[in-house]
Amino acid sequence: MSDLLPVNEIICGDNVATMATFPDACIDLVVTSPPYDNLRTYGGHSWDFEGVAQQLWRIIKPGGVVVWVVADATIDGSETGTSFRQALRFMEIGFRLHDTMIYEWQKPFPESNRYHPAFEYMFVFSNGKPSTFNCIKDRQNSYYGTECKSRMERQQDGTNRRPNRQYVVGEFASRFNIWHCPSSANESNQHKKTTLSHPATFPQKLANDHILSWSNEGEIVLDPFSGSGTTAKMAKHNGRKFIGIEINEEYCEIARKRLRQSVFDFKEATLEPCLEAVK
């Protein structure tokens, strides 16, 4: 299938028209962040949400995942709610809303008449049950090394039963679905220099951990709003094939330049089978 696709390329063009040339059910994972309402101009280009959503549903494999990182503009003191409407439309098309995750910035932006906004949504959509979940375990267990019995399980008749299983608590438990991550502005000097002309770059750590979570080596990761190429760069770093689509030629050149550079230094995620996690 991959020989029919422009893998390991940054394609300059309209994302809907480009995806329309792809075969059905050919993409393993999408990690992307579309423009939020009209918060950024991105060179004056517009985009077609309905067209993008329909094409993603067509090209994602059964068991494939779409990670859609989005937030809402605030207009006349009210949030637009665009993110929720997009999520509901994805579900109407056929996607499952597998998880609603939160990306929490380390440095929220202050506002005068409301609590400081400090997060974005990370909607995890799937075509059926996700075929891959590599659980990131980096939350320190307080009871590391303790021998425990399995938890009580509620039965259909209302009674509780404890399965006859014992286990030793591991050093780390699975991560929660609220992720604390530095913004791209706080990343390496090399990253900031090469992405200076892009108005809203995607944090490398965020893309990295989603790619690790929902795909395996050799699989194809797509970003239809490639921008400065963060998803493509982290896919390459983790042994995945990548496709980036971006309509702005200036941003395409930024992405291609970054793909020739090394990845900035950060602590790699710890992956383990997602078994019973203990606080």
Apply side chain to side chain donor-acceptor pair (under 3.5 Å) to T132 and N216, showing your working.
CA-CA 7 Å; T132 299; N216 298 308; 3.2 Å; yes
Ring pair (Phe, Tyr, Trp, His ring centres under 6.0 Å) for F90 and W57? Distances and angles first, verdict last.
CA-CA 8 Å; F90 271 111; W57 175 244; 9.6 Å; no
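With respect to D28 and K241, no salt bridge is recorded, no charged nitrogen being found less than 4.0 Å from a carboxylate O.
When the shell of 6.0 Å around CG of D76 is examined, it contains 12 or fewer heavy atoms from other residues, nucleotides or ligands. Within a 6.0 Å radius of CD1 in I93, more than 12 heavy atoms belonging to other residues, nucleotides or ligands are found.
Annotation: side chain of K233 is in contact with side chain of R258 (closest heavy-atom distance under 4.5 Å). For the pair E217 and R240, the minimum side-chain heavy-atom distance is below 4.5 Å. At a threshold of 4.5 Å between non-hydrogen side-chain atoms, the residues C181 and L206 count as touching. In this structure the side chain of P6 reaches within 4.5 angstrom of the side chain of F22, judged on heavy atoms.
Within the structure, salt bridge (charged side-chain N to carboxylate O under 4.0 Å, His left out) contacts touching residues 112-128 (residues at least two apart or in different chains) are E111-R114. Screening residues 90-99 for salt bridge (charged side-chain N to carboxylate O under 4.0 Å, His left out) gives R89-E92 as the qualifying pairs, with residues at least two apart or on separate chains.
Between W214 and H210, the ring planes lie parallel to each other; the angle is under 30°, not in the 30° to 60° tilted range. Between Y121 and F123, the angle of the ring planes stays under 30°, which puts this pair in the parallel group of the 30/60° scheme.
Both W105 and V69 belong to a single network of hydrophobic side chains, linked directly or stepwise wherever heavy atoms of I, L, V, M, F, W or Y lie under 4.5 Å apart.
Residues M91 and L97 come closest through the heavy atom pair SD-CB, 3.8 Å.
Under the side-chain contact (heavy atoms from CB on, under 4.5 Å) criterion, E171 pairs with Q140, Y144, sequence neighbours left out. Applying the side-chain contact (heavy atoms from CB on, under 4.5 Å) criterion to S78, with sequence neighbours excluded, gives no partner residue. Take T82 and apply the side-chain contact (heavy atoms from CB on, under 4.5 Å) test, not counting sequence neighbours, and it matches D37, D72, T80, R85, Q86.
Between atom OG of residue S126 and atom CG of residue L29 there is a gap of 11.5 Å, rounded to the nearest 0.5 Å. Atom CG of D24 sits about 12.5 Å away from atom NZ of K61, to the nearest 0.5 Å.
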Scan the side chains in residues 9-16 for donor-acceptor partners under 3.5 Å anywhere in the protein, sequence neighbours excluded, and list what turns up.
unit_1	atom_1	unit_2	atom_2	d
D14	OD2	V16	N	3.1
D14	OD2	A17	N	2.8
N15	ND2	P224	O	3.2

